[in-house]
Amino acid sequence: MVTKFSGFMIVLLFMASPSFASVTVEVGGVSFDRTLDTKDQRLHLHGTGLLKYMVFIKAYAGALYLPESVQSDNVLKPVPKQLVLEYFHSIKGEDVAKATRKKIADNVTADQANVLRSRIDELAALYRDVKPGDRYALTYIPDQGTTLSLNGESLGSIPGDDFAQAVFAIWLGTNPIDKKFRDQLLRDS
């Protein structure tokens with residue numbers, strides 16, 4: 001005979017099993033995997049966020065992936081990372097490029113911007129128009145560079161730790177595109 005206590009224990013054991021644990025996290029109706037594998041490293045979901053425009057219009061949902069051992073204060077250092085953004089509205093590639101140039105300039109000195117200019121232009125040329133449901137991903141691997149992908153298709157890679165730091169600062173730096181969004185991504189899980 002199964003007692004209430006033993007039935008409760010069976011339910012607890014089932015809930016604790018790895019197959020019961022969710023492999024995704026949802027933010028703003030968008031699901032993100034808890035882990036992902038890059039070429040040579042497993043990255044773990046560090047934080048998710050929802051960027052809103054004019055307080056209530058959802059622009060995109062995002063997820064930041066880092067190695068398990070990396071804390072928020074090291075995110076702009078040369079550590080593997082990936083930022084995934086899923087869009088809720090159509091945006092032209094040239095508008096993404098314009099915003100990229102502006103936000104990098106907001107996060108680096110004029111001298112750094114001059115050093116990075118050709119690589120920023122290279123990134124800007126990679127952007128494509130996006131429609132609702134499209135996902136951009138920026139993946140940085142030390143000594144290999146930063147790769148921009150759209151819906152899983154690589155559009156190109158740009159070398160340099162300095163470039164990675166500048167481009168990720170758009171969302172994660174001192175003067176990000178949105179501080180609330182940055183703080184959501186950087187909360188240590």
Side-chain angles (χ1 to χ4, degrees), residues 23-53 57-67 75-76 78-107 116-173 176-178 181-182 184-186:
V23 295
T24 62
V25 171
E26 185 178 309
V27 59
V30 176
S31 294
F32 294 101
D33 292 335
R34 288 189 181 273
T35 61
L36 61 88
D37 293 315
T38 64
K39 293 177 185 172
D40 55 359
Q41 176 118 30
R42 174 160 278 199
L43 300 178
H44 299 267
L45 184 64
H46 186 81
T48 59
L50 183 61
L51 187 124
K52 292 184 178 181
Y53 176 71
I57 300 170
K58 295 190 302 186
Y60 49 75
L64 174 64
Y65 295 88
L66 297 168
V75 71
L76 292 178
V79 297
K81 60 188 136 262
Q82 185 176 87
L83 177 65
V84 180
L85 304 173
E86 182 168 319
Y87 291 80
F88 292 105
H89 303 280
S90 296
I91 301 175
K92 295 202 172 292
E94 61 257 23
D95 292 336
V96 177
K98 182 178 176 182
T100 296
R101 285 186 173 98
K102 179 185 180 337
K103 291 314 296 178
I104 288 176
D106 288 348
N107 282 283
L116 296 169
R117 180 161 286 116
S118 66
R119 289 178 281 167
I120 294 168
D121 291 344
E122 189 178 338
L123 175 66
L126 297 176
Y127 285 122
R128 306 289 179 259
D129 296 350
V130 294
K131 60 188 181 309
D134 281 348
R135 281 188 180 200
Y136 267 127
L138 273 173
T139 306
Y140 170 72
I141 304 297
D143 301 320
Q144 295 179 29
T146 303
T147 300
L148 178 68
S149 300
L150 179 59
N151 299 325
E153 178 185 337
S154 175
L155 300 176
S157 294
I158 299 162
D161 295 344
D162 58 341
F163 177 78
Q165 182 177 5
V167 76
F168 279 91
I170 293 169
W171 297 274
L172 306 171
I177 199 160
D178 184 90
F181 183 68
R182 175 199 61 199
Q184 290 171 353
L185 293 174
L186 291 180

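In this text, all values refer to a predicted model and were calculated from it rather than measured experimentally. Just so you know, residue 1 is the first one in the sequence shown, and it goes up from there.
Here CZ of Arg182 is found 13.0 Å from CD1 of Ile177. Values are rounded to the nearest 0.5 Å. Interatomic distance, Leu43 CG to Arg34 CZ, rounded to the nearest 0.5 Å: 15.5 Å. Separating the CG atom in Asn107 from the CG atom in Leu76 is a distance of 8.5 Å, to the nearest 0.5 Å. Between His44 atom NE2 and Leu36 atom CG the span is 9.0 Å, to the nearest 0.5 Å. Remark: Leu64 CG to Lys81 NZ distance equals 8.5 Å, nearest 0.5 Å. One distance of note links CZ of Arg42 with CG of Asp37; it measures 4.0 Å at 0.5 Å rounding.
With a 4.5 Å cut-off on side-chain heavy atoms, Lys103 and Pro176 do not count as touching. The shortest side-chain heavy-atom distance between Phe32 and Thr24 does not fall under the 4.5 Å cut-off. Taking 4.5 Å as the limit, some side-chain heavy atom of Leu186 sits within range of a side-chain heavy atom of Val75. In this structure, the side chains of Leu83 and Leu85 come closer than 4.5 Å at one or more pairs of heavy atoms.
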Q. When you look at Thr35 and Leu45, which way does the side chain to side chain contact (heavy atoms under 4.5 Å, CB included) test go after all the steps?
A. CA-CA 6 Å; Thr35 61; Leu45 184 64; over 6 Å; no
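Judged as a side-chain contact (heavy atoms from CB on, under 4.5 Å), and not counting sequence neighbours, the contacts of Lys92 are Glu94, Asp95, Asp129. For Tyr140, there are no ring pair (Phe, Tyr, Trp, His ring centres under 6.0 Å) partners two or more places apart in sequence or in a different chain. Scanning for side-chain hydrogen bond (donor to acceptor under 3.5 Å, both in side chains) contacts around Thr139 gives Gln82, with sequence neighbours left out. Residues passing the side-chain contact (heavy atoms from CB on, under 4.5 Å) test with His89 are Ile57, sequence neighbours excluded. With sequence neighbours left out, the side-chain hydrogen bond (donor to acceptor under 3.5 Å, both in side chains) criterion links Arg128 to no other residue. Not counting sequence neighbours, the partners of Gln144 by the side-chain contact (heavy atoms from CB on, under 4.5 Å) test are Lys39, Asp40, Ile141. Tyr127 is linked by a ring pair (Phe, Tyr, Trp, His ring centres under 6.0 Å) to Tyr136, counting only residues two or more places apart in sequence or in another chain. Lys102 meets the salt bridge (Lys or Arg N to Asp or Glu O under 4.0 Å) test with Asp106; sequence neighbours excluded.
Taking both residues in full, the closest heavy atoms of Pro80 and Gln41 are given as CG-OE1, 3.4 Å, listed atom of the first, atom of the second, then distance. The shortest heavy-atom contact between Pro132 and Ser90 is CD-OG, 3.4 Å.
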Would you mind writing out the side-chain donor-acceptor pairs for residues 163-171 within the sub-3.5 Å range, not counting sequence neighbours?
residue	atom	partner	partner atom	Å
Trp171	NE1	Tyr60	OH	2.9

Below 3.5 Å, can you tabulate the donor-acceptor pairs from side chains in residues 148-159 to any protein atom, sequence neighbours excluded?
residue	atom	partner	partner atom	Å
Asn151	OD1	Arg135	N	2.8
Asn151	ND2	Asp134	OD1	2.9
Ser157	OG	Thr147	OG1	2.6

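Sorted by first and then second residue, the pairs that involve residues 116-127 and meet salt bridge (charged side-chain N to carboxylate O under 4.0 Å, His left out), not counting sequence neighbours, are Arg101-Asp121, Arg119-Asp162. Applying the salt bridge (charged side-chain N to carboxylate O under 4.0 Å, His left out) test to residues at least two apart or on different chains, none of the pairs has a partner in residues 138-148.
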